[in-house]
*Asks:* 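The structure under discussion is supplied below as structure tokens; questions concerning it will follow.
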Amino acid sequence: MSERLLTIENLDTGYDGVAVVRELSLHVDAGEVVALLGPNGAGKTTTLMTVSGMGQILAGSVTIMGRPVPRLRQAHRVARWGVIHVPENRGLLFQLTVRENLQLAKTRGNVDIDRALDFFPALGPLISRRAGLLSGGEQQMLALARSIVAEPKLMMVDEMSLGLAPVIYEELMPVVRRIADETGAGVLLVEQHVDLALEVSDRGYVLNHGDLVMQGLASDLLADRALLDASYLGVESLEE
């Protein structure tokens with residue numbers, strides 16, 4: 001049985017004491033990709049922020065490899081547990097080179113840049129270029145490559161396709177699957193492109209207005225596309 005990396009149980013989380021996500025339960029195991037789907041404003045990014053230790057746990061619990069995430073914001077502690085969060089804005093240091101961004105991603109031990117370049121060979125010729133001069137697709141590659149260098153146990157990727165041309169994110173999405181398969185990391189993937197996300201995922205959860213409205217094997221969710229589409233319109237559509 002795979003190691004349980006992330007367990008969320010009956011989670012209420014939000015901002016300033018107001019719940020944006022309510023009674024959410026989900027889990028991520030080692031070596032699997034789990035898609036967290038839903039329309040804008042459903043609470044997906046809020047969920048990732050809370051797992052990272054940057055959100056507010058109002059009720060329920062978040063447990064990472066047996067350790068409860070503190071209710072008070074303590075992202076630095078969570079990061080030390082091997083949790084890597086790739087945010088929508090990619091979190092790069094634009095004035096530094098590709099190499100320097102990769103080197104800073106490793107907090108201890110030797111930096112295996114070659115390992116990251118094995119996943120993203122297109123970054124090789126750009127190794128001395130400043131991150132701010134990269135294209136959007138190249139920046140997203142670098143953001144993911146930094147995660148690989150950090151050797152995560154749990155990796156969370158928020159809207160990887162944001163601002164990218166379809167041909168770029170269609171190439172990047174299978175790399176997420178490869179990261180999970182080859183490193184054993186668990187991946188929680190937030191993504192608007194439902195089909196692509198589910199094609200590389202093992203399981204999926206769908207949020208709507210902060211509530212969990214669907215969950216199941218990725219293959220089952222893909223097979224019931226009408227129901228999946230309805231989930232974006234609200235619970236009432238699912239019950240008709």
Side-chain angles (χ1 to χ4, degrees), residues 1-9 11 24-37 44 47-48 50-53 61-69 78-87 91 102 105-121 140-161 169-191 193-207 212 214-223:
M1 180 179 291
S2 297
E3 179 187 3
R4 182 62 46 88
L5 300 178
L6 170 67
T7 303
I8 297 176
E9 293 185 330
L11 175 68
L24 173 63
S25 294
L26 63 80
H27 68 271
V28 180
D29 291 341
E32 73 170 349
V33 179
V34 174
L36 183 59
L37 308 171
K44 307 183 300 297
T47 300
L48 298 194
T50 301
V51 173
S52 293
S61 63
V62 179
T63 305
I64 298 172
M65 292 169 282
R67 302 180 180 98
V69 172
V78 176
R80 287 200 297 267
W81 299 344
V83 177
I84 298 297
H85 186 171
V86 182
L102 293 175
K106 185 78 172 198
T107 57
R108 58 173 63 90
N110 296 324
V111 179
D112 190 357
I113 290 179
D114 290 340
R115 175 68 166 154
L117 295 182
D118 179 56
F119 283 91
F120 300 101
Q140 188 62 73
M141 290 181 199
L142 179 55
L144 294 171
R146 290 184 68 207
S147 299
I148 294 168
V149 167
E151 298 181 328
K153 294 286 188 179
L154 174 66
M155 186 168 114
M156 300 188 295
V157 184
D158 194 358
E159 298 290 5
M160 183 176 67
S161 65
Y169 59 72
E170 287 171 3
E171 291 178 358
L172 289 179
M173 201 69 73
V175 181
V176 174
R177 175 77 261 172
R178 184 184 164 201
I179 291 171
D181 289 342
E182 296 188 16
T183 71
V187 180
L188 183 57
L189 176 66
V190 164
E191 182 53 56
H193 293 275
V194 173
D195 288 345
L196 286 174
L198 290 175
E199 284 171 5
V200 303
S201 298
D202 298 284
R203 296 180 294 105
Y205 298 84
V206 182
L207 288 175
L212 181 63
M214 286 187 72
Q215 62 178 300
L217 295 175
S219 56
D220 291 342
L221 294 176
L222 273 172

*Asks:* Applying salt bridge (charged side-chain N to carboxylate O under 4.0 Å, His left out), name anything that partners Glu159, two or more places apart in sequence or on another chain.
*Replies:*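 Scan of Glu159 (salt bridge (charged side-chain N to carboxylate O under 4.0 Å, His left out), adjacent residues dropped) gives none.
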
*Asks:* To the nearest 0.5 Å, tell me how far Leu11 CG sits from Leu26 CG.
*Replies:* 8.5 Å

*Asks:* Walk me through whether Leu207 and Leu24 qualify under side-chain contact (heavy atoms from CB on, under 4.5 Å).
*Replies:* CA-CA 9 Å; Leu207 288 175; Leu24 173 63; 4.0 Å; yes

*Asks:* Looking at Glu191, His193, Gln140, which hits side-chain hydrogen bond (donor to acceptor under 3.5 Å, both in side chains) with Tyr169?
*Replies:*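 For Tyr169, the side-chain hydrogen bond (donor to acceptor under 3.5 Å, both in side chains) test succeeds with only one of Glu191, His193, Gln140, which is His193.
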
*Asks:* Find out whether Met156 and Ile84 are in side-chain contact, i.e. whether some heavy atom of one side chain is under 4.5 Å from a heavy atom of the other.
*Replies:*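 Contact flag for Met156/Ile84 side chains = no.
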
*Asks:* Roughly how far, to the nearest 0.5 Å, is the CG atom of Leu102 from the CG atom of Leu117?
*Replies:* 6.5 Å

*Asks:* The test is side-chain contact (heavy atoms from CB on, under 4.5 Å); show your working for Val34 and Val187 and say whether it passes.
*Replies:* CA-CA 6 Å; Val34 174; Val187 180; over 6 Å; no

*Asks:* State, yes or no, whether a side-chain contact exists between Thr63 and Val69 at a heavy-atom distance under 4.5 Å.
*Replies:* no

*Asks:* For a side-chain contact (heavy atoms from CB on, under 4.5 Å) check, start with the C-alpha distance between Arg115 and Thr183, then their side-chain angles and the critical distance, and finish with the verdict.
*Replies:* CA-CA 11 Å; Arg115 175 68 166 154; Thr183 71; 3.7 Å; yes

*Asks:* Glu170: what forms a salt bridge (charged side-chain N to carboxylate O under 4.0 Å, His left out) with it, not counting sequence neighbours?
*Replies:* none

*Asks:* Find out whether Thr7 and Val62 are in side-chain contact, i.e. whether some heavy atom of one side chain is under 4.5 Å from a heavy atom of the other.
*Replies:* no

*Asks:* For a quick test of reading the model, state the closest non-hydrogen atom pair linking Asp181 to Gly31 and the distance between them.
*Replies:*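 The answer is OD1-O, 4.2 Å.
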
*Asks:* So how far is it from Glu9 CD to Ser25 OG, rounded to the nearest 0.5 Å?
*Replies:* 6.0 Å

*Asks:* Please check if the side chain of Tyr205 supplies one atom and the backbone of His27 the other of a donor-acceptor pair under 3.5 Å.
*Replies:* yes

*Asks:* Please test Gln215 against Val206 for side-chain contact (heavy atoms from CB on, under 4.5 Å), starting from the C-alpha separation and ending with a verdict.
*Replies:* CA-CA 6 Å; Gln215 62 178 300; Val206 182; over 6 Å; no

*Asks:* Rounded to the nearest 0.5 Å, how far apart are OG of Ser161 and CE of Met173?
*Replies:*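 The distance works out to 5.5 Å.
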
*Asks:* Enumerate the side chain to side chain donor-acceptor pair (under 3.5 Å) contacts for residues 145-157, please, sequence neighbours excluded, ordered by first and then second residue.
*Replies:*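 Matches after skipping sequence neighbours: Lys106-Glu151.
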
*Asks:* Is Phe120 close to Leu142 at the side-chain level, that is, under 4.5 Å between some pair of heavy atoms?
*Replies:* no

*Asks:* With no hydrogens and no angle check, is any side-chain donor or acceptor of Glu3 less than 3.5 Å from a backbone partner on Leu5?
*Replies:*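 No, the answer is negative, given that no donor and acceptor are paired below the 3.5 Å cut-off.
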
*Asks:* Under 4.5 Å between any side-chain heavy atoms of Asp158 and Leu189, yes or no?
*Replies:* no

*Asks:* Got a sec, which residues hit ring pair (Phe, Tyr, Trp, His ring centres under 6.0 Å) with Phe119, two or more places apart in sequence or on another chain?
*Replies:*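 Phe119 satisfies ring pair (Phe, Tyr, Trp, His ring centres under 6.0 Å) with no other residue.
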
*Asks:* Would you mind reporting whether Ile8 and Thr47 have side-chain heavy atoms less than 4.5 Å apart?
*Replies:* yes

*Asks:* Tell me the salt bridge (Lys or Arg N to Asp or Glu O under 4.0 Å) pairs involving residues 195-207, sequence neighbours left out?
*Replies:* Glu32-Arg203, Arg177-Asp202, Asp195-Arg225

*Asks:* OG of Ser201 to CG of Leu222: how many Å apart, nearest 0.5 Å?
*Replies:*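 It is 9.0 Å, given to the nearest 0.5 Å.
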
*Asks:* Report yes if some heavy atom in the side chain of Leu144 is under 4.5 Å from a heavy atom in the side chain of Met155; otherwise report no.
*Replies:*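 The answer is yes, as the side chains (C-beta and beyond) meet within the 4.5 Å cut-off.
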
*Asks:* Any heavy-atom pair between the side chains of Leu154 and Val51 that's under 4.5 Å?
*Replies:* yes

*Asks:* Sequence neighbours left out, what passes salt bridge (charged side-chain N to carboxylate O under 4.0 Å, His left out) with Arg67? Give chain and number order.
*Replies:* none

*Asks:* Roughly how far, to the nearest 0.5 Å, is the CG atom of Leu221 from the CG atom of Leu37?
*Replies:*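 The distance works out to 7.5 Å.
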
*Asks:* Looking at Leu196, Val194, Val200, which one forms a side chain to side chain contact (heavy atoms under 4.5 Å, CB included) with Leu198?
*Replies:* Val194

